[in-house]
Amino acid sequence: MSSDVADEIDGTDDAVDGVPRRRIVLASMIGTTIEFYDFYIYATAAVSVFPFLFFPKGDSTTALLASLATFGLAFVARPVGSVLFGHFGDRAGRKTTLVASLLLMGIATFAIGLLPTYSQVGLIAPALLAVMRFSQGLALGGEWSGAALLATETARPGKRGWAAMWPQLGAPLGFLLANGLFIVLILLLGHSNATPDPDGAFLTWGWRLPFLFSAVMVAIGLYVRLRILETPVFTRAVARGEKVKAPLTEVFRTSWRQLIIGTFVMLATYTLFYIVTTWALSFGTSKKPPDGKGLGFPYVDFLQMQLIAVLFFAATLPVSGLLADRYGRRRTLLVVTAAIMVYGALFAPILGSGTTSSGMTLVFLIIGMTLMGFTFAPMSAVLPELFPTNVRYTGSGISYNVSSILGAAVAPFIATWLATSYGVAWVGLYLFIAATLTFIAILIMHETRDTSLDSAELPPPEL
């Protein structure tokens with residue numbers, strides 16, 4: 001391990017405006033960990049809890065699709081959140097906006113843990129669930145950009161890819177916390193997803209605990225974030241008089257090409273992740289043929305396989321951050337995106353037989369999560385680097401979150417429909433098409449590794 005990397009990890013290299021770099025790293029990572037934890041416990045409950053408790057009884061597939069639709073609602077809210085929080089992030093600063101987004105996510109998630117069910121209040125239950133899910137989306141729409149900017153705008157020269165990797169670690173850490181807690185509760189309370197007991201402890205009250213626990217995590221996150229300062233890049237931009245009154249208008253006027261490129265650069269990343277997590281969980285735990293079209297694994301067993309695979313996601317993030325600094329963002333992402341295209345072709349031979357072993361399924365998940373780590377790490381450097389300082393929060397947030405609609409909100413729904421109607425080979429084709437669009441966007445994108453963030457000017461186009 002190089003001395004630069006060792007210093008970055010232990011925080012002994014230097015400080016930023018008197019704030020230890022270790023504290024900045026922790027503030028950027030802990031917030032995204034909490035936000036993604038909150039987001040993922042909903043994703044897990046959308047498959048294992050909400051179809052039974054929040055939607056009218058009837059066909060199980062219809063209830064699952066309705067639950068996944070509310071899951072996708074947050075992705076519609078995320079671009080709205082990026083505009084709302086982006087406005088204040090580019091006007092009032094990164095720190096204040098990050099605190100506000102964390103509070104909103106925590107309140108919405110805690111409230112889900114207190115909601116009445118359909119059997120108690122009828123259609124009011126799914127309506128309230130939808131409102132809380134929308135609020136989660138608003139919060140995450142503002143969270144990611146702020147955390148990415150906190151990391152990149154305080155990074156040492158030549159180390160932005162490495163610094164920007166830290167908030168990305170929040171995704172696998174949040175996933176591990178959320179799904180790990182669900183597994184513990186399911187095992188302790190004796191719940192079976194295949195034969196759920198509506199009067200059992202898990203569906204009666206146990207599922208609420210992960211949502212309520214978020215309040216403790218948010219308190220810790222707020223404590224850390226309130227102890228950091230504004231980024232020096234933003235402070236200098238304010239001193240130069242570069243703030244704009246309407247960041248949204250300005251970003252569309254000056255940076256509309258970057259918005260489009262950034263959106264499609266993220267497309268394959270989102271599609272890959274939500275196919276390998278949310279859709280895969282549903283498909284893996286559905287009944288085998290001839291009674292169903294899934295793999296027939298017990299719910300806990302499949303969750304455990306996903307948790308093992310997520311470890312590879314977390315392990316590859318630092319590697320990818322270093323590669324993006326050494327070889328550039330474009331070269332790194334082109335290679336990874338091409339690999340995702342190849343991965344799409346593996347869906348049919350691995351999952352299409354209906355008799356896939358647990359070992360092959362685990363290998364399939366590990367490959368997907370490894371690719372996810374390699375493609376996800378550079379994104380928190382690439383998207384901020386596409387935009388000038390005075391609209392960076394808004395621009396990076398819009399690109400990131402509009403892509404969430406195209407690549408994540410509809411991915412579990414479309415993949416479920418394709419697998420049910422035509423087979424898993426079509427799910428792989430769906431991922432292949434998304435990765436192809438991303439590959440084209442990366443080809444068009446200029447290399448951003450050496451772009452100065454301390455400027456209101458746009459970098460030159462590649463083509």
Side-chain angles (χ1 to χ4, degrees), residues 33-58 60 62-71 73-74 103-137 139 173-221 277-278 281-282 285-286 297-304 306-307:
T33 300
I34 295 168
E35 297 269 11
F36 279 107
Y37 165 85
D38 290 352
F39 214 67
Y40 293 152
I41 56 175
Y42 190 102
T44 302
V47 174
S48 62
V49 176
F50 298 150
F52 307 112
L53 298 183
F54 283 86
F55 297 95
K57 293 183 178 180
S60 59
T62 301
L64 175 60
L65 289 174
S67 181
L68 291 177
T70 62
F71 169 76
L73 182 62
L103 270 175
L104 178 59
M105 176 65 90
I107 292 171
T109 305
F110 185 81
I112 291 174
L114 300 176
L115 289 181
T117 63
Y118 180 82
S119 64
Q120 295 170 321
V121 295
L123 291 176
I124 295 176
L128 291 174
L129 183 65
V131 171
M132 293 303 104
R133 183 59 175 169
F134 190 87
S135 299
Q136 282 188 320
L173 292 178
F175 188 93
L176 287 167
L177 286 171
N179 288 286
L181 185 52
F182 261 106
I183 287 178
V184 170
L185 288 171
I186 287 171
L187 292 175
L188 287 178
L189 300 179
H191 175 72
S192 171
N193 204 57
T195 56
D197 179 7
D199 297 320
F202 180 77
L203 288 181
T204 302
W205 55 268
W207 69 270
R208 299 179 184 273
L209 297 181
F211 292 92
L212 299 177
F213 178 66
S214 68
V216 177
M217 300 179 66
V218 168
I220 297 172
T277 54
T278 304
L281 178 62
S282 174
T285 57
S286 296
F297 288 105
Y299 182 77
V300 171
D301 290 354
F302 199 87
L303 264 185
Q304 289 173 337
Q306 283 192 321
L307 289 177

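By convention here, the first residue in the shown sequence is residue 1.
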**OP:** Might you point out which heavy atoms bring Pro116 and Phe54 nearest each other, and give the distance in Å?
**Re:** O-CE2, 3.2 Å
Original post:
Atom CZ of Phe182 and atom CG of Leu209: how far apart are they, to the nearest 0.5 Å?
Top reply: 9.5 Å
**OP:** Please lay out, stage by stage, how Thr277 and Leu281 fare under the test side-chain contact (heavy atoms from CB on, under 4.5 Å).
**Re:** CA-CA 6 Å; Thr277 54; Leu281 178 62; over 6 Å; no
Subject >> Candidate pair Phe175 and Gln306, rule side-chain contact (heavy atoms from CB on, under 4.5 Å), full reasoning >> reply: CA-CA 9 Å; Phe175 188 93; Gln306 283 192 321; 3.9 Å; yes
**OP:** Answer whether the closest heavy-atom distance between the side chains of Met132 and Leu129 falls below 4.5 Å.
**Re:** no
Original post:
Is the backbone N or O of Pro210 less than 3.5 Å from a side-chain atom of Ser214, with the two atoms forming a donor-acceptor pair by type?
Top reply: no
Original post:
Is Phe202 close to Val49 at the side-chain level, that is, under 4.5 Å between some pair of heavy atoms?
Top reply: yes
Subject >> Pairwise distance CD1(Ile112) to CD1(Ile41) - rounded to 0.5 angstrom >> reply: 7.0 Å
Original post:
Which atoms form the tightest heavy-atom contact between Phe211 and Ala45, and what is the distance?
Top reply: CZ-CB, 4.0 Å
Original post:
Looking only at heavy atoms, what is the nearest atom pair of Leu187 and Val300, with distance?
Top reply: CD2-CG1, 4.0 Å
Subject >> Heavy-atom closest contact (Ser135 atom, Ala108 atom, distance) >> reply: CB-CB, 3.7 Å
Subject >> Over 12 non-hydrogen atoms of neighbours within 6.0 angstrom of CG in Leu212 >> reply: yes
Original post:
How long is the gap from CZ on Phe110 to CD1 on Ile107, to the nearest 0.5 Å?
Top reply: 10.5 Å
**OP:** Apply the test side-chain contact (heavy atoms from CB on, under 4.5 Å) to residues Phe52 and Tyr118: give CA-CA distance (whole Å), side-chain angles for both, the deciding distance (0.1 Å), then the verdict.
**Re:** CA-CA 9 Å; Phe52 307 112; Tyr118 180 82; over 6 Å; no
**OP:** Could you tell me whether the side chain of Ile34 reaches within less than 4.5 Å of the side chain of Met105, counting heavy atoms only?
**Re:** no
Subject >> Heavy-atom pair with the smallest gap, counting every atom of Arg208 and Leu115 >> reply: NH1-O, 2.7 Å
**OP:** On the 0 to 90° scale, with breaks at 30° and 60°, tag the Phe297-Phe302 ring pair as parallel, tilted or perpendicular.
**Re:** tilted
**OP:** Indicate the ring-plane relationship of Phe50 and Trp207, choosing parallel, tilted or perpendicular according to the 30° and 60° boundaries.
**Re:** perpendicular
**OP:** Compare every heavy atom of Ile186 with every heavy atom of Tyr299, then report the nearest pair and how far apart it is.
**Re:** CE2-CD1, 3.3 Å
**OP:** Check the pair Leu177, Met217 against side-chain contact (heavy atoms from CB on, under 4.5 Å), reporting the backbone distance first and the verdict last.
**Re:** CA-CA 11 Å; Leu177 286 171; Met217 300 179 66; 3.8 Å; yes
Original post:
Between Thr109 and Gln136, does a side-chain hydrogen bond (donor to acceptor under 3.5 Å, both in side chains) hold up when you go through it step by step?
Top reply: CA-CA 7 Å; Thr109 305; Gln136 282 188 320; 2.9 Å; yes
Subject >> Straight-line distance of Thr33 OG1 to Leu173 CG, nearest 0.5 Å >> reply: 4.5 Å
Subject >> Side chain proximity check, Leu203 to His191, heavy atoms < 4.5 angstrom >> reply: yes
